[in-house]
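Shown next, in structure tokens, is the structure this report addresses.
Since we're looking at a predicted model, the values are computed, not measured. A note on names: the letters A, B, ... follow the listed sequences, proteins ahead of strands, and every chain is numbered from 1.
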Number of protein chains: 2
Amino acid sequence: MQDFAEGEYAQEGRAIAMGNRSDEISKIVTRAIIHKQLLPGCKLSEQTLADIFNVSRAVVRQALIRLSEDGLVTMERNRGAFVSRPTYREAVEIYDALTILEQGVAAQLAGRLGAQGWAELRHHLELQHKAVEEKNDQLSDQLGSAFHEVFVRLSRNTVVQQMHAQLIRRTALLRSLVNSRFDYCGLLHDHGMLIDLLEQGKIVEAQKLIAVHHHNVVKGYLMNDEPQPEIDTREALSRYVSQER
Amino acid sequence: MQDFAEGEYAQEGRAIAMGNRSDEISKIVTRAIIHKQLLPGCKLSEQTLADIFNVSRAVVRQALIRLSEDGLVTMERNRGAFVSRPTYREAVEIYDALTILEQGVAAQLAGRLGAQGWAELRHHLELQHKAVEEKNDQLSDQLGSAFHEVFVRLSRNTVVQQMHAQLIRRTALLRSLVNSRFDYCGLLHDHGMLIDLLEQGKIVEAQKLIAVHHHNVVKGYLMNDEPQPEIDTREALSRYVSQER
DNA sequence: ATGTTAAAATTGATATGCAATCTTTGGTTT
DNA sequence: AAACCAAAGATTGCATATCAATTTTAACAT
């Protein structure tokens, strides 16, 4: 499953003719951040990235701007770009925002979603179930986020979808800062319960569940501000650029 | 020895230590778009903007990327950047997203906001009231949006705040496409009612009101897809760059 | 060790060049 | 005259080179 071949990408379902190097690079770096290859605080030197991706500094700069607009990267004048290091407060805000969005989506979906929609959600639930059973934390994590994304996608509102996706990316970044482990089983149970409640049209209960669900997640966060992981950018990105050039 | 070497600018009243030329330019263009100086569909030629702002094409490019990430500008490969021309569907999605965010904020604020908060909202309401009485549509419009922004700011969640601000910018863009006029009086009444409901802790009623409020706004939209306004970019931006140099 | 200064590296921005692609123009054909 | 087509012109996307400002590092003296 080579994610990115040449020229076109699968993004949120539809194929896009790219050709935009900076956009491409920002997406690759995003993936590296989400996959915890690039950790918070990591310096993203323009020249280094330019060398890695075989592009000019200008293109890297554009990619970094994209990333900073997305909140994944922080740019400091004359000092450079770094993978963002969110504070605990920011974490709470991000999850509050997620709660608000998903509660809104829940209200729209409740009782109003077709059989196909519920089926899709339940299908995802099953995938998650398997991952949790196999104790595959990496995959459980990924599918956990994916569930939320599918859920929001069913609202058929691309604006909400994009805001939500951005928040999910930032939660992935947050998990880089956390060492505590999740009760994947409990989270999974919540997902199943959510589907049930929504299908029965119990909006208020569903919204309450969403709030508690996110509260539980953020509660499990113990930010460790200290550790400065000394990581080589080139190495961290190696697996992502290997398919390039 | 460039003319703009000072490093700080008067923007929206307050002085800002900028240093980031592209960020600065994107903000100026944003204002021009919001103020309907730059209309949807308007071509934003890199060279033209570079000449206007006295910067290199690279900087303009960075600004355009910022704007496109914000949804205010659409970039087409090898064709250039244009002020976005939202569809009606997009308008609905944007207002749905706004509804979701503000309903969430309402739930957080209801009954829980200090006296100072309610006072601030009522103060804004008064300003609006005057503007509507004076039949100052431009100002009514502006204060109308501002009310929503203040409302969200009181949630003390910068993440939600930023998402909301972005949506508000996009609604400003939407209004460029609309010729129908609003019932400012009715909208004003809604704002007042909202404060009352929230202060009394009537969350559900408040949320319902928010939904209806936005529904009324979007209902007043009659997109006119046709007209291609032939506007000179330089002229449209003239008043904004006058402070430069 | 501590503080200071000089050198090196990095960023922010500019200028220029070039290939790819889009747009326009002018002629040609129907 | 309208439709078509191909060459010229303009614009974008990207690379390279350069420069001033600033930060970081290294070397040095206290």
Side-chain angles (χ1 to χ4, degrees), chain A residues 4 6-9 16-29 41-69 73-84 228 230 232-234 241 244-245, chain B residues 1-9 16-29 41-69 73-84 228 230 232-234 241 244-245:
Chain A
F4 28 93
E6 281 270 319
E8 47 177 75
Y9 289 73
I16 287 187
M18 262 296 189
N20 212 329
R21 275 314 254 156
S22 72
D23 199 21
E24 195 175 341
I25 289 172
S26 69
K27 282 185 170 58
I28 293 175
V29 174
C42 178
K43 175 88 187 282
L44 297 175
S45 155
E46 296 188 357
Q47 192 57 61
T48 304
L49 290 178
D51 292 344
I52 291 174
F53 291 107
N54 257 305
V55 295
S56 68
R57 263 181 60 210
V59 173
V60 169
R61 213 172 158 61
Q62 290 158 15
L64 290 175
I65 287 177
R66 284 202 155 88
L67 291 165
S68 73
E69 295 282 317
V73 155
T74 303
M75 297 181 82
E76 294 178 33
R77 171 153 184 103
N78 280 321
R79 277 188 29 84
F82 305 82
V83 178
S84 293
Q228 190 76 332
E230 202 138 325
D232 181 37
T233 312
R234 196 177 309 264
V241 291
E244 307 241 326
R245 196 92 3 128
Chain B
M1 321 333 135
Q2 296 298 336
D3 354 23
F4 43 85
E6 273 72 71
E8 48 178 76
Y9 289 74
I16 289 187
M18 226 7 138
N20 213 333
R21 216 70 184 96
S22 72
D23 197 24
E24 195 174 342
I25 289 174
S26 68
K27 282 185 170 61
I28 294 175
V29 174
C42 178
K43 173 87 188 279
L44 298 175
S45 155
E46 295 187 358
Q47 192 58 59
T48 305
L49 290 177
D51 293 343
I52 292 174
F53 291 108
N54 256 304
V55 295
S56 67
R57 262 181 61 210
V59 174
V60 169
R61 209 170 163 63
Q62 290 160 19
L64 290 175
I65 286 177
R66 283 203 157 87
L67 291 166
S68 72
E69 296 282 317
V73 156
T74 303
M75 297 182 81
E76 293 178 34
R77 167 141 187 118
N78 281 323
R79 277 189 27 86
F82 305 82
V83 178
S84 293
Q228 190 76 330
E230 201 137 328
D232 180 38
T233 313
R234 197 177 307 264
V241 292
E244 309 246 327
R245 182 157 327 181

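Partners of A:Ser84 under the side-chain hydrogen bond (donor to acceptor under 3.5 Å, both in side chains) rule, at least two apart in sequence or in another chain, are A:Thr74. Residues passing the salt bridge (Lys or Arg N to Asp or Glu O under 4.0 Å) test with B:Arg61 are B:Glu46, sequence neighbours excluded.
Here C:dT14 is the nucleotide among C:dT10, C:dT14, D:dC14 with the atom lying nearest to any side-chain atom of B:Val59.
As a whole-Å value, the separation of B:Met75 CE from C:dC22 P is 15 Å. As a whole-Å value, the separation of A:Leu44 CG from C:dG12 P is 12 Å. The CZ atom of A:Arg57 sits 14 Å away from the C1' atom of D:dC14 (whole-angstrom rounding). At whole-Å resolution of the value, CD in B:Glu46 and P in C:dT14 are 14 Å apart. Atom pair B:Arg77:CZ and C:dT21:C1' shows a separation of 8 Å (rounding to whole Å applied). One can place CZ of B:Phe82 at 12 Å from P of C:dC22, the figure rounded to the nearest angstrom. Rounding to whole angstrom units, CG of residue B:Asp23 and P of C:dA13 are separated by 10 Å. Spacing between atom CG of B:Asn78 and atom P of D:dG9 amounts to 20 Å, rounded to whole angstrom units.
A:Met75 has its side chain within reach of A:Ile65: a pair of non-hydrogen atoms, C-beta onward, lies under 4.5 Å apart.
Nucleic acid contact for A:Ser45: sugar-phosphate only, since backbone atoms but no base atoms lie under 4.0 Å from a heavy atom of the residue. Heavy atoms of B:Arg61 sit under 4.0 angstrom from primed sugar atoms or phosphate atoms, though from no base atom.
Phosphate contact (OP1/OP2 of C:dA13, side-chain N/O of B:Asn20, threshold under 4.0 Å): present. Listed pair A:Lys43 / C:dT11 meets the phosphate criterion, a side-chain N or O lying under 4.0 Å from OP1 or OP2.
For B:Lys27 and B:Glu24, the salt-bridge test fails: no basic side-chain N is under 4.0 Å from an acidic carboxylate O.
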